[in-house]
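Working notes, beginning with the structure itself.
Throughout, a chain's letter reflects where its sequence line sits, starting with A, and its residues are numbered from 1. Bear in mind that the values here come from a model prediction, so they are computed numbers and not experimental data.
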Protein chains: 2
Amino acid sequence: MIIIYNEILTDIKPTSSQRDRIIKFSDNLMKIILDYANSLNLDVECKLVGSMAKKTSLKSKADIDIFMTFPLDYSEEKLKEYGLLLGEYCINEVGGKAEKRYASHPYMTGLIEEFEIDFVPCYRINDSSQLKSAVDRTILHTDYILSHMSDKQADEVLLLKKFMSSINTYGANYKVSGFSGYLCELLILEYDNFENTLKNASNWRIGQEIDLENYGTCKNFKDPLIAIDPTDKNRNVAAALTMQKFSEFIVASRNYLNNPSQDYFKDKLVKTTKEALMDEFKARNTTCFMLSFNVPPLPTDVIYPQVNKTTKSLEKISNSHNFNVLNKKYYITGDNRAHIILEYEISQLPNIKLHQGPLISDARNSENFMKKYPDCFVKDKKWAVLRKRPYTNAGKLIDDMLKKENMHMLKLGKNVKEELLKEYKLENIMDYLASVDEREYMEIYTFLHPNFLLNR
Amino acid sequence: MIIIYNEILTDIKPTSSQRDRIIKFSDNLMKIILDYANSLNLDVECKLVGSMAKKTSLKSKADIDIFMTFPLDYSEEKLKEYGLLLGEYCINEVGGKAEKRYASHPYMTGLIEEFEIDFVPCYRINDSSQLKSAVDRTILHTDYILSHMSDKQADEVLLLKKFMSSINTYGANYKVSGFSGYLCELLILEYDNFENTLKNASNWRIGQEIDLENYGTCKNFKDPLIAIDPTDKNRNVAAALTMQKFSEFIVASRNYLNNPSQDYFKDKLVKTTKEALMDEFKARNTTCFMLSFNVPPLPTDVIYPQVNKTTKSLEKISNSHNFNVLNKKYYITGDNRAHIILEYEISQLPNIKLHQGPLISDARNSENFMKKYPDCFVKDKKWAVLRKRPYTNAGKLIDDMLKKENMHMLKLGKNVKEELLKEYKLENIMDYLASVDEREYMEIYTFLHPNFLLNR
């Protein structure tokens, strides 16, 4: 099948009039800020950064990033104070809705017309040696892409981002742990276009190196993908990319090249029913639990790591009690409720377990072991004893671990812990599915079919 | 507690009149053979060998070994023929009951009065370089012990043999796989007396070396215990000793020295009931099967290895299907019926199992794997797929494997296979116990309490 990329671009690329409007709109906002800053005698410059500036912004995501740069001799406190002040002033001035947010430091977000605009204060730097905060890089990245990328390549970035997005590998945030926008741009700079990127990705090895400026610093990193930041030789742009998403992109690339389809640039929808999902679980006849609890409305990168940590901790404690976790998953629904699925290969065990002791030839430790376990016995060259299991049922274990007095045995994260103390629900997946919201079908379907999004 | 070893010896050592009678009795038998051999013009000498000759024979086991030695230039056929002929003649002459038996070569056994006498043909050799058959060594061993061991030491051997016997580590046969009589004698030659042997054994390490003639050949062996044969520097007398029995003897030695008791020289009897045994299995709530089948009345060293092999094979195939065997045991009862106990930690599994595939980065194998398993998915850096398990229940697996068409997947041994094809019974241990013979209590009790015999 021949893919007509221009057709796809028509769908995903902002039109020039849309773009002109945004540029004009941002210019106006920046002028408001500069005028107000002048009236306060503040040394500030404004700059449109991010994908909007780089022409790599998808139509559906018209976010505007306006960075306010201050001289390096301003204190961090002053920087934050002026940043919030100027941002809020500007948003109010044009009748938007202002909201303070936090990343590495606080910034102001405004909803103005249909746009979401971030007003971020940062230092005015020329290279990475002057970095004072994480956001300062954004300026360097924008400048690098603007000076190295052609408009044609920017379009290829759009294709790549859309592809990544619909196979769910796009985004360096904690929810996806995939490829950042900047990483997509670097891939296009390296491989020139979308198709060639996929062709190369098809043959990637673990530890794949991309070093546009030939810094020779790849060897300092141990990650699935090492993409040296052209603006900082000591940074791997792909550091947040997990092995899972690295692998998924490789597989989807191969799938696409084997059998290209414009469907790869569209969201894939799941067609299933509650009954079909139940039947699939029934056919596996594993023991599968759903743990649900509320999460506070905090940013993704605050809550997701905590829920992930909780999931891993529950898996770890299960395995340590010999309840084999076959598969696990977590997701957070729009009603701020976290869901953890734990599927067990073994959820029921006998009352006893074999516990190995010291070598028979180790006389001192043998004596201690015999004292501790009068029922111990010789098993080849070592001592052994059949000990009573603290838990013979996985569900009972999880339920017990979520009790206040046992919670210290889990790693949960502050907010998750607070919520679990208030309320949680631990159900067999069948009971959960009996009243599941249709909007969760996709999450549960992809739990059962993890590669669902990787092909069309 | 002070142990009065003389008291024990009174119980276990043949009296001098008993001994005199046996010696006189054997001399008479040897004279009959020699007279007959002379009449046939055969060059044969007779020799009382084994523990009776060495004065290391326990009262309860008055077996007499008479070896008939032939010159090295006799063919093996002749040797066997004359051996059987002379043995049978002698037994018939004194009105005993003759029976042909097989070890490395056939020999004649006679039941005469209360004695069991083996008439074994062998070559007349001076040292191990002349060995032609395995039994030829016996002469060398007898000569070595007779020329190196005092009567006092022979008594110490009796104590050690009796101790070993009552803790079930005595015997190099396949049933026990423990310490041979000759090995016990070498231990006393090395450590001089019973108590000192136990003191030393308490501190044995794996690979313990005993080299009475300082041959320096221990390094050629990798066994729990290496006891170089004083009559053959290239032979480890303890080669048949398993790690299990090596360890058990160490543990029993420590137990004895910590708290000596004359009870260690008596058989320990188990006091239990059918109900108590059932309760113990119930408390473990494992899944435990008893497989029973007939075995032909063949020598121990023919049948035991086969039943052992069968047990190991059933364990292996169980584990390969992820049914964890927690504990296993086999025994053969007086009615020539073999019993295999298999206790499972996991006997029930879901319909699916996780099967790992090639690395994602391995493009060629990835393609094959995807073709073979269309439902496969990405799991970190590798492919994975959930495959249907051939067996989800351990009992069903065992039952199926014992079907004629599947038996080739097991390692059974010829005789066991024949019997299994005719008949077997696979029961839950509870069902088995419901009608178990009282004489099996000990075997089942020691399955539950494997160290039972190692202390008093």
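- Taking the charged nitrogens against the carboxylate oxygens, A:Arg389 and B:Glu345 do have a contact shorter than 4.0 Å, which makes a salt bridge.
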Might you work through the side-chain hydrogen bond (donor to acceptor under 3.5 Å, both in side chains) test for A:Ser253 and A:Lys199, ending with a clear yes or no? CA-CA 7 Å; A:Ser253 294; A:Lys199 272 178 198 156; over 6 Å; no
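- With rounding to the nearest 0.5 Å, the separation of CG in A:Asn196 from OH in A:Tyr191 is 8.5 Å.
- If you tally non-hydrogen atom pairs under 4.5 Å between each of B:Met370, B:His449, B:Glu248, B:Arg254 and chain A, the highest count goes to B:Arg254.
- Chain A is approached within less than 4.5 Å, heavy atom to heavy atom, by B:Leu349, B:Pro350, B:Asn351, B:Ile352, B:Lys353, B:Leu354 from residues 347-356 of chain B, ordered by number.
- For a residue to count as touching a neighbouring chain, one of its non-hydrogen atoms must lie under 4.5 Å from one of that chain's; by this rule B:Asn455 does not touch chain A.
- The side-chain tip of B:Lys268 points at the ring of B:Phe452 from less than 6.0 angstrom away and within 45° of straight on.
- Centroid-to-centroid, the aromatic rings of A:Tyr264 and A:Phe163 come within less than 6.0 Å.
- Atom NZ of B:Lys175 has 12 or fewer heavy atoms from other residues, nucleotides or ligands within 6.0 Å.
- Both the backbone and the side chain of B:Leu326 come within contact range of chain A, judged by heavy atoms closer than 4.5 Å.
- Side-chain N/O atoms of A:Tyr174 and A:Asn308 include a donor and acceptor closer than 3.5 Å.
- Residues from residues 376-386 of chain B that place a non-hydrogen atom less than 4.5 Å from a non-hydrogen atom of chain A comprise B:Cys376, B:Phe377, B:Val378, B:Lys379, B:Asp380, B:Lys381, B:Trp383, B:Leu386, given in numerical order.
- For the set A:Asn327, A:Asn324, A:Ile346, A:Ile360, the count of heavy-atom pairs under 4.5 angstrom toward chain B peaks at A:Ile360.
- Screening B:Glu315, B:Lys316, B:His321 against B:Asn319 for a side-chain contact (heavy atoms from CB on, under 4.5 Å) leaves a single residue, B:Glu315.
- A salt bridge links B:Glu343 with B:Arg284: at least one charged nitrogen is closer than 4.0 Å to a carboxylate oxygen.
- Of all heavy-atom pairs between A:Ser166 and A:Arg456, the closest is O-NH2, 2.9 Å.
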Worked check of salt bridge (charged side-chain N to carboxylate O under 4.0 Å, His left out) between A:Glu367 and A:Lys371: CA-CA 6 Å; A:Glu367 206 184 319; A:Lys371 258 183 207 151; 3.6 Å; yes
